[in-house]
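Below is one structure, written out as structure tokens; the observations come after it.
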Number of protein chains: 2
Amino acid sequence: MNDGELDDVDRNILYYLQQDARRTSSSEIAEKLGLSASTVRTRINKLEDSGVIRGYHLDIDYDLAGYPLYTKIICTAPVSERDELAGAALKIDGVTAVREIMTGERNVYVNTIGRDHDDLNRISEELDALGLEIVDEQIIRDEYVCPYQGFLDGDADAE
Amino acid sequence: MNDGELDDVDRNILYYLQQDARRTSSSEIAEKLGLSASTVRTRINKLEDSGVIRGYHLDIDYDLAGYPLYTKIICTAPVSERDELAGAALKIDGVTAVREIMTGERNVYVNTIGRDHDDLNRISEELDALGLEIVDEQIIRDEYVCPYQGFLDGDADAE
DNA sequence: CTTGAAAAAGCGTTAGC
DNA sequence: GCTAACGCTTTTTCAAG
């Protein structure tokens with residue numbers, strides 16, 4: 001699909017988009033990198049087409065949004081069914097992310113949001129009904145998602 | 001800051017922005033909800049100001065981007081230092097997310113990306129140096145981040 | 001919350017270095 | 001691969017109802 005290698009310009013573009021993917025325009029990035037807007041636009045399109053950029057999403061404060069209960073449910077799935085079960089879990093209302101772990105008993109992590117304990121109980125039941133054995137359930141106190149990745153540091157071509 | 005309650009219009013806006021936060025314009029959402037573009041823009045501004053929308057971020061395929069090693073490092077921190085240590089961990093190159101758990105021994109989860117094992121080793125060492133005791137380290141096989149949350153289902157005002 | 005205008009900024013394409 | 005310029009489309013901002 002592409003040569004698979006990102007150069008400094010690509011990394012810088014990812015860096016700036018990571019900061020504010022909605023309001024940062026191509027021309028704005030171009031100005032900061034000392035390139036033309038066309039170039040940046042072409043690069044972004046390539047990053048999207050090649051699949052490096054999978055999408056642009058919201059970072060929501062679920063607490064303020066009315067879903068104050070944020071948990072991580074740790075499950076066990078047979079390796080043979082792990083992929084399938086993980087996919088099914090993602091479709092449950094209130095599930096925000098699913099991660100599959102390579103090895104071990106705790107091999108599926110499910111992140112959830114809820115308005116109250118009824119929501120959480122329902123999610124637990126649905127996971128159980130799917131065949132995911134719940135090993136542990138933890139209430140998340142706080143979550144920091146990094147809008148900045150060091151590897152994508154932005155000063156290669158930058159002034 | 002606000003009354004804290006989101007109505008159906010707000011939830012619909014969040015839903016549509018969640019799909020494609022960069023390319024979905026206010027007018028596009030307005031059309032789908034049968035409202036004017038101005039109204040939608042005002043709502044979005046309010047959601048940003050009130051903090052419900054914390055930001056707009058990229059969903060990057062780190063594998064394609066050249067960082068094929070994706071891990072979850074589970075740590076223990078004394079409750080009194082947990083906040084501080086979690087904040088410090090977020091600044092390490094390669095750390096993409098940090099989650100604080102309310103209770104238990106495994107109370108800080110650190111997600112990381114890396115090009116090779118040297119990156120991972122360095123991150124582990126830096127976490128250790130901070131004072132975070134590493135309890136477990138797991139290689140993530142696959143991650144699904146949900147671009148759609150059931151609670152934010154979009155058909156209240158929609159046609 | 002809506003409308004409607006002007007102003008501004010975006011994008012894709014083209015041609016050329 | 002980058003730049004620059006064209007034209008087109010879209011968004012934004014502002015006023016007013």
Side-chain angles (χ1 to χ4, degrees), chain A residues 1-59 65-66 147 152-159, chain B residues 1-60 64-66 152 154-159:
Chain A
M1 213 170 281
N2 69 346
D3 57 342
E5 273 303 304
L6 305 185
D7 63 10
D8 285 336
V9 173
D10 292 321
R11 271 187 285 271
N12 274 286
I13 290 174
L14 289 177
Y15 168 77
Y16 285 115
L17 283 179
Q18 188 72 280
Q19 310 301 308
D20 185 346
R22 183 172 174 81
R23 300 280 159 76
T24 308
S25 64
S26 306
S27 18
E28 205 172 326
I29 298 173
E31 195 177 358
K32 284 180 177 166
L33 296 181
L35 297 170
S36 78
S38 312
T39 306
V40 174
R41 250 177 278 134
T42 309
R43 293 290 193 122
I44 293 177
N45 288 340
K46 275 186 191 166
L47 288 168
E48 291 174 350
D49 292 342
S50 69
V52 173
I53 295 179
R54 286 193 290 212
Y56 305 92
H57 297 304
L58 278 181
D59 180 11
L152 306 176
D153 199 359
D155 50 8
D157 274 51
E159 9 107 52
Chain B
M1 214 171 278
N2 69 348
D3 57 342
E5 274 304 303
L6 305 185
D7 64 11
D8 286 336
V9 174
D10 292 321
R11 269 186 286 271
N12 274 285
I13 290 173
L14 290 177
Y15 167 77
Y16 286 116
L17 283 179
Q18 189 72 279
Q19 310 301 311
D20 185 345
R22 183 170 173 80
R23 300 279 159 77
T24 307
S25 65
S26 307
S27 18
E28 202 172 329
I29 298 173
E31 195 178 359
K32 284 179 178 169
L33 297 181
L35 298 170
S36 77
S38 310
T39 306
V40 173
R41 230 173 293 124
T42 308
R43 293 290 190 120
I44 293 177
N45 289 338
K46 274 186 194 165
L47 289 168
E48 291 174 349
D49 293 342
S50 68
V52 173
I53 295 178
R54 286 195 290 213
Y56 305 91
H57 298 305
L58 278 181
D59 180 11
I60 297 177
L64 285 178
L152 306 176
D155 50 8
D157 274 50
E159 7 129 37

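Source: prediction; values computed, not measured. First the proteins, then the strands, lettered A, B, ... as listed; each starts at 1. Hydrogens, waters and symmetry mates play no part in the numbers below; they use all other heavy atoms, side chains included.
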Contact state string [nucleotides 11-17 of chain C, B base, S sugar-phosphate only, - no protein heavy atom under 4.0 Å]
BBB----
Please report the closest heavy-atom contact between [X] and [Y], naming both atoms and the distance.
X	Y	value
A:L58	B:A21	N-CB, 4.4 Å
A:T24	A:Y16	OG1-O, 3.9 Å
A:S50	B:L64	O-CD1, 3.2 Å
A:R54	B:I60	NH2-O, 3.3 Å
A:D20	B:Y56	OD1-CD1, 3.5 Å
B:S26	B:A37	CB-O, 4.2 Å

CA sep, side-chain torsions, deciding dist, call: B:K46, B:D10, side chain to side chain contact (heavy atoms under 4.5 Å, CB included):
CA-CA 10 Å; B:K46 274 186 194 165; B:D10 292 321; over 6 Å; no
Stepwise side chain to side chain contact (heavy atoms under 4.5 Å, CB included) check, B:R43 with B:D7:
CA-CA 11 Å; B:R43 293 290 190 120; B:D7 64 11; 3.0 Å; yes
Using OP1 and OP2 only, check whether a side-chain N or O of B:T39 sits under 4.0 Å from C:dC1.
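No, outside the criterion.
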Identify whether the distance between the nearest side-chain nitrogen and carboxylate oxygen of A:E48 and B:R22 falls below 4.0 Å.
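Answer for the salt bridge query: no.
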Need two values: the first and the last nucleotide of DNA chain D, 5' to 3', having an atom under 4.0 Å from any heavy-atom of chain A.
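For DNA chain D, the relevant span reads D:dG1 to D:dA5.
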Kindly calculate the angle separating the two end axes of the helix from C:dC1-D:dG17 to C:dC17-D:dG1, each obtained from five base pairs, and round it to 10 degrees.
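One end's axis against the other's: 30°.
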Is there a side chain to side chain contact (heavy atoms under 4.5 Å, CB included) between B:V9 and B:T39? Walk through the geometry before answering.
CA-CA 10 Å; B:V9 174; B:T39 306; 5.7 Å; no
